[in-house]
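Presented below is the structure to which this report refers.
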Amino acid sequence: MISINGLVKNFGELEVIKGIDLNIEKGKIVVLIGPSGSGKTTFLRCLNVLETPTEGKIQIDENVLDFSRPVSKKSVAQFRSLTGMVFQSYNLFPHMTALGNVMEGPVTVKKIPKSEARKRAEDLLQKVGLADKIDFYPFQLSGGQQQRVGIARALAMEPKVMLFDEPTSALDPELVGEVLRVMENLAKEGMTMIVVTHEMRFAKDVADEVIFIDGGYIIERGHPDQIFNHPKEERTKQFLSVFE
Amino acid sequence: MYNLAESSLIPLLEGALYYTIPLTIISFMIGLTLAVLSAVARISTIKFLQTLSRIYVSIIRGTPLLVQLFIIFYGLPNIGITLDPFPSAIIGFSLNVGAYGSEIIRASILSIPKGQWEAGYSIGMSYTRILQRIILPQAARVSVPPLSNTFISLVKDTSLASLVLVTELFRKAQQIAAKEYNFLLLYIEAAIIYWVICFILSLFQNKIEHRLERFIS
C-alpha cells in the first residue's frame, strides 16, 4: 500500500536520510524507534512532504511522488491529503475551538458543507473522548486533550495513513495513557499507522513491525518480539539497553 | 476670552468631525489594506514582489510626511495631476500607514510559530488559505498594540493636512487665531480636542486587546 524507494534527504551538506526503502501493508502499525538525531522524525515528515525529499519515490496506493524531478504544488497537496499528521507539539489552531480545529480541513479544503462537517467533527471528537469539550479553545484543554483534538483533526481528512511524530513526548506522564488509548483504538479499527515514539510499551503491545533507524539508515526491522527480545544488530542492542 | 473659547469650539469640532476624523479613519482603512498586501508581498517567495514591497517601505519611511504631502498636492499639478486637498491628504496618509503597518504586520506574521503553517499544510491547505485562515487572524492579535500606536499617531499627523489646505481641526484653529489674535487660546483648545480624541481611542484599544486575548491563557 505504501512503498518508499531510495528516500534521501539532505539539509545543505548534512545527509539526514541516506537511502531508505520500505513497504508497508494496509492496516499495519509500524513503529519507528531510534536515538535522537537518527533521522526518524525527518523520515516521517518526508512522508507528509513537510520536508521535501532530496531523492527517492513515495507511493501510497496509486499516488506516486517522484522526487528525482521537481514536483508540483498541486500534486504535493493532493498527496498530503492521503496522510494525516499528528505533531509532537499538537500545533492546534489557538484561535479556533476544538470543533473549529477539526472542521477546518473538511470545510476549507474538501469543501464539505458546514452542517455536515460539524456533524462529522462532533463524531470524531466523541471518538477521541472529547464530546464534552467541543467548544473549548486549545488553551482551555490539557496537553493530552489537545493531542486528542490533533488526532481528530487529522482523521477528519479521512487519510489512508496516519503519521504520528512523537505524539506523547510533550505530555506529562499521567496524560500519556489517554493519547495512547486513542491510538490503540485506531489501530484496532484497521487504520494504517506509522508512529515515531519513545513509548516502548506501545511499540511492544500494538506494533506489527518495529523499525530501528540510526544514522539515516534502517538498521533493523522486524516483529516487536524479535526487535525487543532478540535484536541482531549491536546498535539496536545498545539503543534498547537504555530503556531497561 | 471665555466667549472666544466658547464661540470657537463649534468650528473646531466641525473641523474634527468633518475632516480630522474621516481623514484618520479612511486613511487608516486604506493604509491597513496596503500594509497587509505589502507585508504578504514581502514574505512571499516571489523576488519581484519582495523588492517592490521593500522599495515602497523604504521610500515612504525615509522621507518626511510633509514633503510627501507637498509632492502630492503642490507637485503633481506640474505633470497635470491636480488633486483636491482632501484626496491628496488621504493618499499621503494612506501610503504612510501602509509602509509603517507593513513592517508591523510582517513582524507579526513571522512571530507565529512554524508549526501553525505545518499543521495547515498537513491537512491539505494551500499557502494562501493558511495565511488567510490560520496566520493572519493570529498575527492580527499580535499587531493590535503597535497598530493602535500608528492609528493614534495618525490622528495627530492629520494636522499636517492643514498645510495642504484641508480645513481640518488645526487649520480651523489657525484661521480663527489669526482673526482674533489669540494664538495661545486657540492652539491649546485644538490640543485639548486632539488629546480627547486620542484618549477615547486608547480606551477602544484596551477593549480590542482584551477581546483578542481570549484565545490565550
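Below, read A as the first sequence line, B as the second, and so on, with proteins coming before strands; counting in each chain starts at 1.
Looking at Thr108(A), the atoms closer than 4.5 Å to chain B (heavy atoms on both sides) sit in the backbone and in the side chain alike. Residue Leu163(A) does not touch chain B at all, counting heavy-atom pairs closer than 4.5 Å. Of the two parts of Thr97(A), neither the backbone nor the side chain holds a non-hydrogen atom closer than 4.5 Å to a non-hydrogen atom of chain B.
Taking 4.5 Å as the heavy-atom cut-off, the residues of residues 123-134 of chain B that approach chain A are Ile123(B), Gly124(B), Met125(B), Arg129(B), Arg133(B), Ile134(B), ordered by number.
The neighbour count for Met29(B) CE, taken as heavy atoms of other residues, nucleotides or ligands under 6.0 Å away, does not exceed 12. Summarising the local packing, CZ of Phe73(B) is surrounded by more than 12 heavy atoms from other residues, nucleotides or ligands at distances under 6.0 Å.
Not counting sequence neighbours, the partners of Phe136(A) by the side-chain contact (heavy atoms from CB on, under 4.5 Å) test are Lys133(A), Gln140(A), Leu141(A). The side-chain contact (heavy atoms from CB on, under 4.5 Å) search around Val196(B) returns Ile192(B), Ile200(B), not counting sequence neighbours. With sequence neighbours left out, the side-chain contact (heavy atoms from CB on, under 4.5 Å) criterion links Ser3(A) to Asn5(A), Asn23(A), Gln59(A).
Ranked by heavy-atom pairs under 4.5 Å with chain B, the list Glu104(A), Lys110(A), Lys73(A), Lys74(A) is led by Glu104(A).
Taking the centre and axis of the six-membered ring of Phe93(A), the NZ or CZ atom of Arg153(A) falls inside the cone set by 45° and 6.0 Å. At least one test fails for Lys172(B) against the ring of Phe170(B): distance under 6.0 Å to the centre or angle within 45° of the axis.
Between the side chains of Ser72(A) and Ser75(A), at least one donor N or O sits under 3.5 Å from an acceptor N or O.
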